[in-house]
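Here is the naming used below: chain letters follow the sequence lines, and residue numbers restart at 1 for every chain.
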4 protein chains.
Amino acid sequence: MAILQQRETKSEVMIAAVDLFYTKGYHATSIREISSKAGVNVATVSYYFAGKQGLLEECLLAFFEPYLDLLQKVADSSILKNDPTRSHMMEAAFSLIEFQQQNHRFARFAWREVTMDSQMVREMTSCYLRKEQYIWKLLLAQDIEKGISIKISPSFFLIQLTSMLSMPFLQSQTIQELWNINPSEKHFTREYSCILREWYLGVTCESAITLG
Amino acid sequence: MAILQQRETKSEVMIAAVDLFYTKGYHATSIREISSKAGVNVATVSYYFAGKQGLLEECLLAFFEPYLDLLQKVADSSILKNDPTRSHMMEAAFSLIEFQQQNHRFARFAWREVTMDSQMVREMTSCYLRKEQYIWKLLLAQDIEKGISIKISPSFFLIQLTSMLSMPFLQSQTIQELWNINPSEKHFTREYSCILREWYLGVTCESAITLG
Amino acid sequence: MAILQQRETKSEVMIAAVDLFYTKGYHATSIREISSKAGVNVATVSYYFAGKQGLLEECLLAFFEPYLDLLQKVADSSILKNDPTRSHMMEAAFSLIEFQQQNHRFARFAWREVTMDSQMVREMTSCYLRKEQYIWKLLLAQDIEKGISIKISPSFFLIQLTSMLSMPFLQSQTIQELWNINPSEKHFTREYSCILREWYLGVTCESAITLG
Amino acid sequence: MAILQQRETKSEVMIAAVDLFYTKGYHATSIREISSKAGVNVATVSYYFAGKQGLLEECLLAFFEPYLDLLQKVADSSILKNDPTRSHMMEAAFSLIEFQQQNHRFARFAWREVTMDSQMVREMTSCYLRKEQYIWKLLLAQDIEKGISIKISPSFFLIQLTSMLSMPFLQSQTIQELWNINPSEKHFTREYSCILREWYLGVTCESAITLG
DNA sequence: TATGAATGAGGCTTCATTCAT
DNA sequence: CATGAATGAAGCCTCATTCAT
């Protein structure tokens with residue numbers, strides 16, 4: 001139970017932190033705000049995360065790790081099943097949209113923070129984004145094997161895809177205000193998958209593949 | 001000459017500021033860093049911009065104002081010429097890419113800052129982004145009149161277009177590291193216009209229109 | 001004991017603050033001076049008092065609250081005893097002189113600060129001085145009931161009395177230099193009570209009342 | 001005319017300064033506020049007064065010099081006329097009240113500033129207040145010669161008198177709020193002279209002297 | 001495990017002043 | 001005479017952190 005309590009306190013701090021990072025950004029948020037929002041003492045934050053930077057790292061990991069795990073999982077099962085009638089690439093995309101919608105605060109904050117260039121961010125970029133790229137290339141290769149042909153160059157295709165995955169969360173305010181699409185609402189997943197699908201149909205040639 | 005000198009000092013401060021904001025973000029940058037980079041006294045910043053926030057505002061305006069002016073100018077001339085063989089929408093897009101490439105630091109910093117939700121940002125969003133949206137809708141309507149038909153819904157089309165305009169600058173590090181496309185280099189304009197064109201061809205039906 | 005330690009640090013800061021406020025005035029005193037005089041860190045001041053203004057407020061309260069409490073206490077006991085042979089009004093005056101002599105630094109600083117017109121001062125004035133006036137009027141009415149008759153109008157009487165209570169502390173330097181009466185010395189209480197008594201005898205008609 | 005213009009600018013600055021000193025005190029007032037209130041450039045203040053402290057000194061002199069001159073003038077004429085039916089002491093008091101009422105802002109600010117103990121204030125005190133004391137003693141001696149007898153000790157008498165002369169201006173807010181006597185209004189002179197007269201009658205024995 | 005006291009560093013701003021014009 | 005640019009110093013405050021408990 002002691003352990004549980006620790007877990008609880010710790011994750012409450014993280015939730016409060018992400019909430020504030022999401023709104024104001026990492027540097028504009030003080031650990032005093034975080035701790036008071038979480039209802040714990042200021043020292044507790046340093047105690048659990050060894051400083052503010054440690055908290056940031058854990059928060060970023062708490063987003064990127066499951067993000068990559070999910071992508072990996074979809075890729076693995078896709079290889080296992082090897083269903084020729086489905087674009088597992090699109091399936092991965094839909095999953096990631098759903099995951100991000102469920103953690104949209106994490107998503108916005110994480111993608112924004114990756115925009116800065118501190119040493120820590122560069123290290124994370126090197127580690128996670130490369131893995132992500134690797135998996136996408138794999139999935140793309142698989143789709144192509146299945147007979148899907150893309151009208152544009154594979155590089156451009158992947159750039160467009162990956163940026164479409166982060167964009168609505170990163171620029172959520174703009175998106176929401178101008179187009180009335182809100183990544184914080186549940187049905188966003190369905191709506192945005194629709195947009196993705198239309199884009200996909202636009203840039204690929206028709207084939208026997210169905211989009212889940 | 002006195003005025004000139006003032007202008008010089010002031011714009012040197014702005015240049016230094018944008019450089020640092022671009023790299024580390026607004027809140028992580030201290031005005032001491034800015035002033036020492038600009039080679040002026042700390043107090044000079046507050047003297048010219050009435051505080052750090054004032055500096056931020058002027059920097060944002062220094063990006064969004066010409067950005068919108070450019071878009072407006074292209075829209076105006078497009079209406080004047082009314083050349084049925086050209087997509088003035090794409091021409092606008094190319095111009096904005098070029099403008100942003102020439103001011104890529106401004107661009108990254110501005111789009112990132114728009115990601116935060118402070119009061120000031122919200123006011124700017126209301127003012128500038130709405131105007132931008134309005135012009136795009138106008139241009140789109142014109143293109144459609146000319147006989148271009150888009151395969152996806154107009155809303156989705158504009159969302160994709162506008163996010164493709166900011167994305168490479170906002171996520172420049174990721175883009176560069178993974179795909180070796182560098183928005184800070186001159187030839188990026190050409191390369192990225194290429195990507196845009198392919199996307200455009202993918203989501204529109206063939207027509208007599210040529211893309212400049 | 002932790003609480004004790006806190007109290008100690010906090011009150012050491014207050015003592016240092018009043019010492020400096022007394023000498024140079026609130027605005028001319030920096031919290032650096034205060035903290036260094038108190039032997040604590042600069043941040044400690046803001047930690048305990050939430051800023052310089054908070055320190056000022058607590059210092060003023062630390063004077064006006066006991067001041068009013070004392071007046072109230074004398075008034076209460078005066079009503080209880082209802083001794084027809086004593087002017088409880090004068091007794092209250094003597095008590096307040098003694099209290100102020102014991103805290104003459106507080107007194108000078110407080111009365112001087114009340115001289116400024118900031119919002120905070122106005123609020124304090126509204127709160128404390130009105131209560132004080134109310135009690136004086138009560139005491140005066142009681143004295144009159146006992147048969148004391150004042151030669152001058154009650155209003156003028158109270159104005160003279162109250163200003164004689166604060167004057168020697170507020171203008172202590174002048175008083176001391178010119179008349180060699182020093183509010184910081186213990187025997188001032190006796191001396192000044194003498195002055196008060198003479199004044200009182202001058203402006204009231206003789207009666208059976210003795211002045212304590 | 002050039003000289004006149006200088007005079008005008010200079011005195012406009014002084015008027016603005018006293019206005020602000022009166023309200024917020026010397027240290028809480030910045031020369032930027034003063035200069036902007038006076039409608040001149042910041043540098044002008046340092047130009048005319050050789051710094052902020054110089055401005056303070058001139059403002060204080062601008063009060064104490066005419067104050068003392070007035071007192072001296074009344075004393076001189078009193079000696080000349082030597083009218084046995086008038087208390088020239090009271091006449092001096094009435095004159096000083098009138099003078100202070102006409103310059104009530106100066107008065108409050110000056111008496112308050114004398115409350116601080118900086119080196120400059122001490123020097124001024126030494127110079128002016130001693131002269132004042134000297135004249136009062138002279139006038140008192142004259143009155144006594146005329147047959148007026150005071151019930152209280154001469155020292156106490158002078159202390160009471162001088163403090164009654166500054167008190168209403170120094171503690172004007174309190175006085176005004178509690179007793180509705182306003183030193184900034186013209187008729188205050190008459191009202192307060194009345195209070196003074198009653199006090200005087202209380203502490204002196206009846207005589208043939210009339211109070212103007 | 002969790003806290004409150006206390007701190008040193010640094011941040012932003014304001015101030016009074018100077019200097020060239 | 002009067003000004004605007006620019007500055008160094010200082011002011012207040014907030015921050016992240018540590019330490020004893």
Side-chain angles (χ1 to χ4, degrees), chain A residues 1-3 5-10 13 27-35 40-55, chain B residues 1-3 5-10 13 27-35 40-55, chain C residues 1-3 5-10 13 27-35 40-55, chain D residues 1-3 5-10 13 27-35 40-55:
Chain A
M1 193 178 119
I3 286 174
Q5 198 186 354
Q6 175 209 338
R7 292 263 155 191
E8 267 177 31
T9 300
K10 194 174 173 181
V13 171
H27 271 103
T29 305
S30 76
I31 68 172
R32 251 185 181 75
E33 286 173 282
I34 296 169
S35 62
V40 299
N41 186 276
V42 208
T44 308
V45 177
S46 289
Y47 176 74
Y48 276 118
F49 300 93
K52 196 186 174 189
Q53 164 135 344
L55 173 58
Chain B
M1 193 176 123
I3 286 175
Q5 198 185 355
Q6 175 207 342
R7 293 268 153 185
E8 267 175 33
T9 300
K10 193 174 175 182
V13 171
H27 273 103
T29 305
S30 78
I31 68 169
R32 241 193 279 276
E33 287 173 283
I34 295 170
S35 61
V40 298
N41 186 277
V42 205
T44 307
V45 177
S46 284
Y47 175 74
Y48 278 116
F49 300 94
K52 198 186 175 190
Q53 163 134 345
L55 174 56
Chain C
M1 196 175 123
I3 286 175
Q5 197 186 354
Q6 176 207 339
R7 293 269 153 183
E8 267 174 33
T9 300
K10 194 174 173 182
V13 171
H27 273 103
T29 306
S30 77
I31 67 169
R32 241 193 280 274
E33 286 172 284
I34 296 170
S35 60
V40 299
N41 188 277
V42 204
T44 307
V45 177
S46 284
Y47 176 72
Y48 278 115
F49 301 92
K52 198 187 175 189
Q53 162 137 343
L55 174 56
Chain D
M1 194 177 120
I3 286 176
Q5 197 186 356
Q6 177 208 342
R7 292 263 154 191
E8 266 177 32
T9 300
K10 194 173 173 182
V13 170
H27 271 102
T29 305
S30 77
I31 67 171
R32 254 187 177 72
E33 286 173 282
I34 295 169
S35 62
V40 300
N41 185 274
V42 207
T44 307
V45 177
S46 289
Y47 175 75
Y48 276 118
F49 300 93
K52 197 188 175 188
Q53 163 134 346
L55 174 57

Please work out if B/Thr29 contacts a base, only the sugar-phosphate, or nothing of the nucleic acid, heavy-atom cut-off 4.0 Å.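 It contacts sugar-phosphate atoms only.
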
Whole-Å gap separating P (E/dG8) and CZ (C/Arg32):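 Whole-Å distance recorded here is 13 Å.
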
How many whole angstroms separate atom CD1 of C/Ile34 from atom C1' of F/dG11?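 Spelled out: CD1 on C/Ile34 to C1' on F/dG11 is 12 Å.
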
Between C1' of F/dT14 and NZ of A/Lys52, the distance in whole Å: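 These atoms are roughly 11 Å apart.
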
Are B/Tyr47 and F/dA5 close enough that a side-chain N or O sits under 4.0 Å from OP1 or OP2?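 So the side chain of B/Tyr47 is within the cut-off, an N or O lying under 4.0 Å from OP1 or OP2 of F/dA5.
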
Rounded to the nearest angstrom, tell me the gap between atom CD1 in A/Ile31 and atom C1' in E/dT3.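 About 13 Å, once rounded to whole Å.
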
What is the distance from CG of C/Asn41 to C1' of F/dT18, rounded to the nearest Å?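 Rounded to the whole Å, the gap is 13 Å.
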
Base, sugar-phosphate, or nothing for A/Val45, non-hydrogen atoms under 4.0 angstrom?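 Result for A/Val45 = nothing.
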
Is there a Watson-Crick or G-U wobble partner for F/dC12 with both distances under 3.5 Å, and which nucleotide is it?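 Here F/dC12 is engaged in a pair, and the nucleotide opposite it is E/dG11.
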
OG1 on D/Thr29 to NZ on D/Lys52, rounded to 0.5 Å: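 Taking NZ in D/Lys52 and OG1 in D/Thr29, the distance rounds to 6.5 Å.
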
Could you state the interatomic distance from OG1 (B/Thr9) to CG (B/Asn41), rounded to the nearest 0.5 Å?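 Taking OG1 in B/Thr9 and CG in B/Asn41, the distance rounds to 11.5 Å.
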
Atom pair distance, as rounded to whole Å: NE2 in C/His27 and C1' in E/dC15: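 After rounding, the reported distance stands at 13 Å.
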
Whole-Å gap separating C1' (E/dT1) and CD (A/Glu8):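 It is 14 Å, rounded to the nearest whole Å.
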
Flag this pair as yes if the NZ/CZ of A/Lys10 is under 6.0 angstrom from the six-membered ring centre of A/Phe49 and inside a 45 degree cone about the axis; otherwise no.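 Checked: cation-pi criterion met.
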
For the pair made of CG in B/Leu55 and P in E/dC12, what is the distance, rounded to whole Å?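 Rounding to the nearest Å, CG of B/Leu55 and P of E/dC12 are 10 Å apart.
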
Does A/Ser30 have a side-chain nitrogen or oxygen under 4.0 Å from the phosphate oxygens OP1 or OP2 of F/dC15?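 Yes, because at least one side-chain N or O of A/Ser30 sits under 4.0 Å from OP1 or OP2 of F/dC15.
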
Counting only side-chain N and O atoms of D/Ser46, is one of them less than 4.0 Å from OP1 or OP2 of E/dT17?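 Affirmative; the distance criterion is met.
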
With both distances under 3.5 angstrom, what nucleotide forms a Watson-Crick or G-U wobble pair with E/dT21?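 In the structure as shown, E/dT21 has F/dA2 as its Watson-Crick or wobble partner.
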
